[in-house]
Amino acid sequence: MGSVGAKEVPVLLSPEGLRIDGRRLDELRPIRIQAGALRQADGSAFVEWGANKVMAAVYGPREVHPRHLQQNNKAVIQCRYNMAAFSVDERKRPGLDRRSQEISKVIAEAFESVVFAEEFPRTSIDVYIEVLQANAGTRCAGLVAASVALADAGIPMVDLLPAVAVGKVGGAIALDLKKEEDNFGEADLPMALVPQSGRLVLLQMEGHMSPEELAQSLDLGVRGCREIYEKMKQALRERYALTPAAGGAA
Amino acid sequence: MGSVGAKEVPVLLSPEGLRIDGRRLDELRPIRIQAGALRQADGSAFVEWGANKVMAAVYGPREVHPRHLQQNNKAVIQCRYNMAAFSVDERKRPGLDRRSQEISKVIAEAFESVVFAEEFPRTSIDVYIEVLQANAGTRCAGLVAASVALADAGIPMVDLLPAVAVGKVGGAIALDLKKEEDNFGEADLPMALVPQSGRLVLLQMEGHMSPEELAQSLDLGVRGCREIYEKMKQALRERYALTPAAGGAA
Amino acid sequence: MGSVGAKEVPVLLSPEGLRIDGRRLDELRPIRIQAGALRQADGSAFVEWGANKVMAAVYGPREVHPRHLQQNNKAVIQCRYNMAAFSVDERKRPGLDRRSQEISKVIAEAFESVVFAEEFPRTSIDVYIEVLQANAGTRCAGLVAASVALADAGIPMVDLLPAVAVGKVGGAIALDLKKEEDNFGEADLPMALVPQSGRLVLLQMEGHMSPEELAQSLDLGVRGCREIYEKMKQALRERYALTPAAGGAA
Amino acid sequence: MSEEVSAEILTTHILDLAAEGKRLDGRGPDEYRSVSIEPGFVATADGSALARIGDTAVLCGIKLEPGKPFPDTPNAGVLTTNAELVPLSSPVFEPGPPQPGAIEVSRVVDRAIRAAETIDLTRLCVTPSEKSWVCYVDMHALGHAGNLIDTALLSAVSALAHATVPAKRFEVAEADYPLEVRHFPIECTFVRLGDTIAVDPTFDEERAAQGRLTVATDETGQIVAMQKGLVGAFSPDDVKDVARRAFVHGDRLRGLARGGGSA
Amino acid sequence: MSEEVSAEILTTHILDLAAEGKRLDGRGPDEYRSVSIEPGFVATADGSALARIGDTAVLCGIKLEPGKPFPDTPNAGVLTTNAELVPLSSPVFEPGPPQPGAIEVSRVVDRAIRAAETIDLTRLCVTPSEKSWVCYVDMHALGHAGNLIDTALLSAVSALAHATVPAKRFEVAEADYPLEVRHFPIECTFVRLGDTIAVDPTFDEERAAQGRLTVATDETGQIVAMQKGLVGAFSPDDVKDVARRAFVHGDRLRGLARGGGSA
Amino acid sequence: MSEEVSAEILTTHILDLAAEGKRLDGRGPDEYRSVSIEPGFVATADGSALARIGDTAVLCGIKLEPGKPFPDTPNAGVLTTNAELVPLSSPVFEPGPPQPGAIEVSRVVDRAIRAAETIDLTRLCVTPSEKSWVCYVDMHALGHAGNLIDTALLSAVSALAHATVPAKRFEVAEADYPLEVRHFPIECTFVRLGDTIAVDPTFDEERAAQGRLTVATDETGQIVAMQKGLVGAFSPDDVKDVARRAFVHGDRLRGLARGGGSA
């Protein structure tokens with residue numbers, strides 16, 4: 001999407017309808033989810049998704065910092081999505097830029113839509129997402145990791161929150177864009193689904209899509225989310241099959 | 001005043017004693033004051049003065065933020081004078097620079113000199129001034145707008161605070177400098193008057209003036225303030241003649 | 001120590017074993033300590049040490065700011081080591097850089113190791129160090145000044161804290177490096193001693209030293225500290241022999 | 001009665017009304033408040049417009065200055081978007097660094113402008129890799145009575161449509177010339193109030209909302225940007241329906257963004 | 001007895017004394033505390049001076065570095081003034097970013113230096129639009145017992161008067177040379193205490209004051225800067241009278257600023 | 001039972017055990033927890049390594065970019081070290097600007113790398129005074145269970161040892177080439193627990209400690225950096241003893257830093 005005035009644009013779709021990495025249009029990148037990756041946190045997860053590596057940790061319910069954010073009738077959910085300086089091609093200055101702050105906000109709002117926050121008045125549930133290696137789709141990978149971490153922390157929720165981005169590359173709607181597709185594609189549409197209700201709690205979009213393409217994208221994204229949902233549940237099952245806190249990020 | 005080493009200096013006073021825009025030395029620029037320009041605020045005013053456009057709003061008396069500024073025996077008066085990025089020729093970075101912070105301080109002190117703050121202990125009266133288009137004299141325009149906004153908010157005060165800058169251009173003392181006069185003139189002296197007592201609660205000066213010129217400037221400035229005072233009262237009369245909250249900045 | 005890739009390296013040790021300013025290897029630079037240099041502070045001291053000029057002031061025990069740092073069972077000791085913009089060859093931007101923050105931390109920890117902080121629960125003891133002219137060894141000069149200021153403020157302590165840096169120049173271990181020695185020497189090792197116990201509460205090191213050189217450096221530094229200790233006690237004796245608050249930094 | 005309690009009562013009332021297809025200010029669920037745009041409000045800017053939707057007002061000023069292209073887009077100018085939600089405009093905004101809400105407004109508007117290719121950034125390049133125009137889009141809130149996003153984009157698109165490239169002043173060309181605007185993205189924001197999805201929410205409706213959804217469309221029938229915000233959820237069918245409605249409103253408001261005026 | 005209460009009692013006492021033309025430290029209303037200036041206090045600076053008025057002390061250091069002229073003044077060097085009111089100097093100053101009080105001191109001193117044309121900035125230009133000296137005037141408070149503004153300007157003017165342009169060190173010229181100071185502005189600060197207007201206020205008098213007025217004069221009989229501060233008011237006749245008194249004190253203190261010493 | 005009280009009980013217990021030469025996790029006073037290093041963890045970095053000591057984990061990524069030498073070292077590249085103690089890694093870290101603890105870790109690691117002359121900065125100079133490589137060493141904590149400093153330096157040295165200079169990508173040379181690492185500094189941290197001085201403290205041991213001492217050694221038998229931290233004191237003999245022990249552990253861990261693996 002940031003390609004205006006860029007040097008050269010690659011071919012994103014082969015005549016056979018295969019993508020730059022050989023995937024079909026409706027195919028996810030490989031995804032590996034490890035619940036309980038950090039011993040210090042109340043809940044945690046490590047996600048490798050294509051060439052993304054994302055760690056998430058949950059602390060809480062605990063005291064609210066800063067104090068004036070405390071709410072009398074429910075927990076506040078604070079999210080901090082952060083990218084490591086070395087996670088992208090050009091070194092990123094440490095600290096939260098505007099993009100990270102916006103993503104932190106929409107992820108927090110997504111979780112507020114499913115967590116039973118009124119069970120923990122006057123507390124904070126802090127969700128931390130660290131992107132260690134980025135290759136498009138980090139907000140979705142972060143959401144998936146954080147959602148598993150919340151479950152690992154025992155925070156009661158309506159449901160897990162699978163997430164995936166759909167996009168448009170070479171004129172076709174495609175699932176789960178990787179970096180080159182995201183950079184040079186025509187549209188990007190990340191979403192997060194509540195599987196139980198079939199509703200979306202995160203939805204953003206940028207690019208060009210007709211109403212028909214939007215409809216097609218939403219359908220494809222929902223299917224992708226349901227596929228990821230199974231992997232999330234599997235990761236949590238594995239976590240509790242193991243002896244507690246086996247640890248190890250990698 | 002910022003002309004040292006600059007490219008070229010214009011002629012500021014004609015042989016007939018007229019100024020760059022045809023005004024006499026003791027003549028104000030056109031001024032239009034609209035009380036009650038913002039519905040959200042407790043009081044507000046919009047001022048167009050020459051080529052200045054300034055909006056002011058007052059909120060309060062209300063809770064003090066940050067809390068430690070609270071005073072047990074009176075209201076604190078907080079002022080924020082801010083310039084929009086596009087209000088000046090060269091784009092200004094958003095946020096308060098040192099100049100804005102100094103002006104905020106002297107304006108707050110001017111209002112503290114006339115507001116009956118002891119009537120509202122443990123509260124804050126917040127005065128916000130946004131300069132949307134600047135052409136010299138914005139602190140005076142801001143003070144006039146904020147003073148009308150305080151009256152519009154029903155804050156009890158000794159008196160309204162008219163304000164104007166006097167300066168020295170082409171060797172002569174002149175009322176209400178516009179931008180070219182301010183940039184290339186020899187002195188600038190903004191002031192704010194309490195009409196009832198005839199005393200000044202804001203006074204700054206920069207440039208070169210003999211004691212005689214200072215005396216002349218103070219007299220001219222006081223006359224200018226009294227002229228503006230009439231326009232401020234007229235704006236408030238119009239405000240209350242109208243049905244409430246007619247709104248509309250422009 | 002910051003000499004990699006620098007322009008030229010001077011000769012630091014003469015064939016006679018004398019240093020760049022004619023000192024022997026175990027010789028301190030001249031040091032002058034004035035206790036009670038500031039009337040506003042609860043305790044203060046001004047130290048001229050070689051070409052260093054350092055002022056220290058102590059305020060407290062007093063209310064803790066910010067409040068959440070307050071400790072129920074003891075005083076918190078807060079230290080702010082700051083360098084004036086003009087104290088070094090190349091102008092330093094005002095405010096605390098990372099180096100100043102690290103030094104503030106290790107100095108605070110050194111004082112926490114000797115002050116009877118539990119005598120003043122829920123208070124703060126604030127130690128301010130301003131480096132006005134720097135020539136290597138400012139953290140030690142600051143520590144000495146602050147230690148005398150703490151005594152001047154009547155804060156109960158196990159002992160005063162003399163401090164000095166030892167280094168390696170021209171292959172030899174030398175006491176109390178000056179700027180050229182620090183810039184082009186092979187090692188720098190600042191330390192602060194509790195004379196009563198013979199233990200070190202501040203110790204840092206950077207450069208290259210064999211274990212034997214380390215042992216030699218520690219012994220030389222301890223001797224240097226004991227020499228400075230005498231000057232510190234003398235300064236406090238002079239302070240109380242004088243009529244109170246004779247003042248004057250210079 | 002505390003602010004918190006009165007807000008809760010108001011929320012209940014808004015939801016009750018919505019269940020009957022009604023709104024507090026008498027509008028239907030698919031009705032905008034009055035909209036007006038005044039281009040050229042600020043003479044010191046290279047382009048400007050004051051947009052109002054009801055009592056929400058945003059003033060946008062454009063400034064163009066010579067600068068350098070980014071290394072990864074050597075043939076393009078630079079576009080910088082910033083929204084200042086100054087405390088003058090609402091009791092809920094505080095002084096200090098931009099809050100997440102202000103950042104979201106900036107970024108959502110920025111995405112719509114950029115994705116719609118509102119201006120051709122390559123035409124803002126003077127010498128590849130060396131010199132290009134930097135186009136600052138500064139939006140200043142002057143009143144927040146709900147739906148800041150739509151108001152902000154209206155002000156920005158209109159300000160761009162009336163902007164001049166100060167090429168003569170900066171000695172880049174012989175004469176100043178108008179900034180060319182190729183597309184006119186319009187953002188339409190909706191909120192869920194129970195089973196009703198209402199367009200152009202007021203401040204109180206935003207507080208009562210169970211989800212907010214913004215859809216930006218252009219004049220060629222394309223959706224160019226979307227943003228779901230606040231706590232709450234939308235079904236895929238909701239999204240499709242909202243997109244359809246966004247085109248209808250977008251076509252109507254686009255005329256204002258081009259020419260100014262009120263509707 | 002709380003700090004607040006004791007401050008209030010002290011204020012009443014100061015005002016009572018003032019009504020009889022007296023001051024807490026025995027001075028008359030038109031008397032300064034002892035003033036001293038020590039130039040050359042800091043060897044690492046290109047110029048420096050430690051100024052004291054009573055127990056108020058400000059150390060100013062000048063640094064000159066090669067830089068670039070501002071685009072709108074291509075033929076002039078750059079002057080940058082900064083006051084650090086460090087917490088070492090008073091229990092009322094806190095660590096952290098500069099507070100409004102520190103900003104006011106910086107700006108008032110800066111205006112006096114600039115308006116008086118203390119140094120000829122065009123002589124700090126090396127190559128128009130390309131290279132010029134940046135002259136940093138950094139003031140560091142070492143004790144705040146009232147009247148920081150006058151003390152700060154004394155330290156700054158004296159430091160400038162004793163400064164050297166490090167032209168050789170930065171390879172701009174063959175040899176270093178003294179910075180030329182053309183004018184010697186002196187600031188005199190007054191406070192209203194009831195009907196009395198007293199010069200050179202102490203810390204407690206500033207707290208008791210019903211208005212503060214600073215007037216900067218130069219050696220040619222010109223007023224070059226003024227600043228009214230604090231809560232309170234002055235009549236135009238007060239201002240004229242204060243200006244007259246500022247010239248008398250200014251002429252006396254100017255000798256110190258030029259040469260150092262005490263009075 | 002409050003956090004404060006339980007921490008105090010734990011401290012007493014740790015000190016009691018130490019008096020008998022024992023530790024909470026069964027180690028002896030001179031034993032490290034398990035140590036492992038995984039080089040090449042991050043593909044987007046020019047070099048990277050994930051180091052673990054027990055449950056403490058630090059991920060270091062190296063980035064090299066063309067830049068300019070500092071004026072006072074015209075023949076050298078630039079090395080920049082930064083540690084992010086992100087709140088994900090421990091309940092004691094808070095969001096916001098770097099705290100003194102994070103700054104200390106950065107600076108202690110930076111000093112060890114620099115003093116040991118780990119990389120030859122002059123080889124990172126491309127054109128003297130004009131162009132050089134800037135080498136960013138960014139360390140990201142992923143778990144803080146005590147002894148961050150040793151873990152951080154292990155991650156940094158290993159990441160440097162496995163880094164590539166991206167000379168082709170930045171068009172500085174025909175091909176990328178490995179960054180040459182000349183020395184392998186290893187930091188060993190000890191804490192005083194009563195009369196015992198224990199290596200590789202856990203989080204709880206650091207809280208119980210009466211002083212912390214870190215010694216960095218290189219493979220040539222030199223001590224290159226030291227840092228005493230926390231409240232507490234060490235005698236000169238303690239320091240000499242700790243240095244001796246640091247060499248033993250250093251020699252063992254250096255192999256891991258070079259090649260990766262676990263011990």
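Chain naming here is simple, since letters A, B, ... match the order of the sequence lines and numbering starts at 1 in each.
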About how many Å separate CZ of C:F116 and CD1 of C:I155, when rounded to the nearest 0.5 Å?
12.5 Å
Max heavy-atom pairs within cutoff under 4.5 Å with chain F, candidates C:A110, C:S113, C:A108, C:G221, goes to C:S113
Structural part of C:L203 lying under 4.5 Å from a heavy atom of chain F
both
Part of F:D237 within contact of chain C (heavy atom distance under 4.5 Å)
neither
Distance only, no hydrogens: is a donor on one side chain within 3.5 Å (strictly under) of an acceptor on the other, for F:T122 and F:D120?
yes
C:V222 portion near chain F, given a 4.5 angstrom heavy-atom threshold:
side chain
What part of F:F70 is in contact with chain C, defined as an atom under 4.5 angstrom from a non-hydrogen atom: side chain, backbone, both or neither?
neither
Cut-off 3.5 Å, side chains only: do F:R107 and F:Q227 have a donor facing an acceptor?
no
For the interface with chain C, which of F:G221, F:P236, F:A243, F:A112 has the highest count of heavy-atom pairs at distances below 4.5 Å?
F:P236
Segment of F:D241 engaging chain C (4.5 angstrom heavy-atom cut-off):
neither
What are the two closest heavy atoms between F:A156 and F:V137, and how far apart are they?
CB-CG1, 3.9 Å
C:D176 side, atom CG; C:L28 side, atom CG - distance, nearest 0.5 Å
5.0 Å
Can you classify the ring geometry of F:H144 versus F:F93 as parallel (below 30°), tilted (30 to 60°) or perpendicular (above 60°)?
parallel
Rounded to the nearest 0.5 Å, what separation is found between the CG atom of C:L160 and the CG atom of C:L193?
11.0 Å
Output the option from F:I103, F:V224, F:L213 having the highest count of non-hydrogen pairs under 4.5 Å with chain C.
F:V224
In terms of heavy-atom proximity below 4.5 Å to chain F, should C:L202 be classed as side chain, backbone, both, or neither?
backbone
Looking only at heavy atoms and a cut-off of under 4.5 Å, which of F:R244, F:Q222, F:Q210 has the most pairs with chain C?
F:Q222
For each of C:M191, C:Q101, C:E112, C:M209, tally heavy-atom pairs with chain F at distances under 4.5 Å, and name the one with the top tally.
C:M209
C:Y128 and C:N82 side chains, donor-acceptor separation under 3.5 Å:
no
